[in-house]
Amino acid sequence: MNILKQKNWKISENEVTDESLFEQRRDFLKLGAAALVSSSVVAEKLAAVESTKRASLQFTKTSFGKDLELNSFDQASTYNNFYEFSLNKEDPAKLAHTLKPNPWEIEISGEVERPMYIDLQDILASYPLEERIYRFRCVEGWSMVVPWIGVTLAHILKKAKPTSKAKYVQFITELDPEMFPDQKRGIFGNVPYPYVEGLRIDEAMNDLTFMAVGMYGKVLPNQNGAPIRLVVPWKYGFKSIKSIVSIELVEEEPLNTWQQINPKEYGFYANVNPEVDHPRWSQAKERKLGSFFKAKTLMFNGYEKDVGHMYKYMDLRKFY
Ligand SMILES: Nc1nc2c(c(=O)[nH]1)N[C@H]1C(S)=C(S)[C@@H](COP(=O)(O)O)O[C@H]1N2
Ligand SMILES: [Mo]
């Protein structure tokens with residue numbers, strides 16, 4: 001295989017902002033003697049402090065989602081689905097320190113003229129990073145609005161030059177039980193690993209389809225899929241696969257993890273659609289993190305004018 005190995009840029013120390021670290025440490029000191037007697041409280045707080053030490057990113061702002069009301073960083077980084085750590089949404093934030101996002105490489109292979117490895121540091125240092133505010137809707141009925149930082153997937157794929165046989169794209173999450181405790185459990189784990197997702201090539205090349213390396217101005221927290229994850233805003237959240245190490249261009253439709261687990265409930269397309277209910281619950285409404293009331297779910301999660309054309313001749317009840 002013809003592998004193009006790119007230069008390995010490192011983020012320099014001075015790009016790491018310590019502002020929030022300092023703020024948190026001060027709060028920590030304010031907790032005073034009462035908290036200090038419990039060493040587990042101290043350890044937990046220190047872990048939280050460490051996790052805020054994330055590098056700031058250089059990026060351009062865009063008009064995507066400029067009228068949407070953002071969720072807070074805390075909301076988006078403490079309520080997570082990341083089964084490699086746990087099924088419990090509060091756990092990834094506490095457990096994800098075992099994920100080592102640096103160094104990290106993504107292999108691009110399959111139906112491409114230029115198979116390659118891309119170093120994550122290259123993306124951070126030399127790709128045109130932009131911020132996009134997107135709605136995010138989990139199939140379970142909760143939603144949020146997040147300012148992601150990254151590049152379009154199309155930008156990355158074009159470097160590898162997909163061939164005419166590339167009809168789909170398959171993504172794979174890192175498989176490493178030292179980083180992801182649930183992977184140690186083998187067949188007793190939460191899901192069959194590694195986590196796999198897929199998109200049709202036109203979906204992958206759509207301008208909305210984003211590879212996020214950061215959020216809220218800084219690199220991704222581990223629990224949100226560091227160092228690089230997919231964000232497909234018109235599809236249910238499970239399509240937005242985290243901590244990606246492989247992107248393969250393929251001829252056949254990939255079998256994504258949730259389809260493997262329960263094909264009656266989860267399909268390949270997973271477009272947000274308030275008219276097609278999940279077999280066990282309605283998809284007509286959603287609750288935004290932090291909101292008391294539910295809101296109506298929008299067709300294609302509000303992105304119909306950007307993506308509706310791709311599904312014009314498809315029966316969306318059949319291709320769920
Ligand atoms: N590798 C991997 N990717 C994943 C998941 C997962 O468990 N493992 N969960 C998915 C689901 S169900 C959702 S809703 C989103 C959650 O992303 P967030 O934690 O950043 O909100 O990640 C998706 N990507
Ligand atoms: Mo989800």
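Whatever order the structure lists ligands and atoms in, that order sets their numbers, starting from 1. Residues take their numbers from the sequence shown, with the count starting at 1.
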Query raised in the report: Which heavy-atom pair separates P192 from I261 by the least distance, and what is that distance?
Result: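 Minimum heavy-atom separation between P192 and I261: CD-CG1, 3.7 Å.
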
Query raised in the report: Considering all heavy atoms of both residues, which atom of Q283 and which atom of N273 are nearest to each other, and what is their separation?
Result: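 Here Q283 and N273 meet closest at CB-O, 3.8 Å.
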
Query raised in the report: Once the angle between the rings of Y266 and H278 is folded into 0 to 90°, is it parallel (under 30°), tilted (30 to 60°) or perpendicular (over 60°)?
Result: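 Rings of Y266 and H278: tilted, 30 to 60°.
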
With atoms numbered from 1 as shown, which atoms in ligand 1 lie under 4.0 angstrom from a non-hydrogen atom of [X]?
X    : result
C138 : 14 (S)
G237 : 10 (C), 11 (C), 13 (C), 14 (S), 15 (C), 22 (O), 23 (C)
N224 : 18 (P), 20 (O)

Query raised in the report: With a distance cut-off below 6.0 Å to the six-membered ring centre and an angular limit of 45° from the axis, does K239 pair with F268 as a cation-pi contact?
Result: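 Yes - K239 lies over the ring of F268, closer than 6.0 Å to its centre and within 45° of its axis.
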
**Report entry** ligand 1 contact by R229, heavy-atom criterion under 4.0 angstrom
**Finding:**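 Within the 4.0 Å threshold, so yes.
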
**Report entry** 4.0 Å heavy-atom contact, S243 with ligand 1
**Finding:**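 No, S243 has no heavy atom closer than 4.0 Å to ligand 1.
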
Query - Audit row: F180, Y193, ring pair (Phe, Tyr, Trp, His ring centres under 6.0 Å) steps and yes/no - result: CA-CA 10 Å; F180 299 116; Y193 298 112; 8.0 Å; no

Query raised in the report: What is the closest protein heavy atom to atom 24 (N) of ligand 1, and at what distance does it sit?
Result: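 Atom 24 (N) of ligand 1 sits closest to the protein heavy atom S240 O, 3.0 Å.
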
Query raised in the report: Nearest protein heavy atom to atom 5 (C) of ligand 1, by residue and atom, and its distance?
Result: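 Going atom by atom, the protein heavy atom closest to atom 5 (C) of ligand 1 ends up being N81 O, 3.6 Å.
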
From the options [options], select the one whose nearest heavy atom is closest to [atom].
atom                    : options         : result
atom 21 (O) of ligand 1 : E140, M144, E84 : M144
atom 10 (C) of ligand 1 : Y79, Y195, W148 : Y195
atom 1 (N) of ligand 1  : T78, T173, I241 : T173

**Report entry** With F171 via ring-ring contact (aromatic ring centres under 6.0 Å, His included) - residues at least two apart
**Finding:**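 Applying ring-ring contact (aromatic ring centres under 6.0 Å, His included) to F171 gives none.
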
Query raised in the report: Heavy-atom contacts under 4.0 Å between Y83 and ligand 1: side chain, backbone, both, or neither?
Result: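 Near ligand 1, Y83 shows its backbone as well as its side chain.
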
Report task. Would you kindly specify which portion of F136 sits under 4.0 Å from ligand 1, judged on non-hydrogen atoms: side chain, backbone, both or neither? Result ->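 Side chain only.
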
Query raised in the report: Hey, is ligand 1 close enough to N80 that some N/O pair sits below 3.5 Å?
Result: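 Yes, there is a polar N/O contact under 3.5 Å.
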
Requested in this report: Would you check the N or O atoms of K242, main chain and side chain alike, for any that come under 3.5 Å of an N or O of ligand 1?
Outcome: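 Yes, since at least one N or O of K242 sits under 3.5 Å from an N or O of ligand 1.
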
Requested in this report: Can you tell me which residue pairs pass the ring-ring contact (aromatic ring centres under 6.0 Å, His included) test with a partner in residues 135-154, sequence neighbours excluded?
Outcome: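 Sorted result for residues 135-154: Y79-W142.
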
Requested in this report: Might you confirm whether atom NZ of K158 has over 12 heavy atoms from other residues, nucleotides or ligands at distances under 6.0 Å?
Outcome: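 No - once you tally the heavy atoms of other residues, nucleotides and ligands closer than 6.0 Å, there are 12 at most.
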
**Report entry** Test item: T209 side-chain N/O and E203 main-chain N/O as donor-acceptor pair under 3.5 Å
**Finding:**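 It does hold such a pair.
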
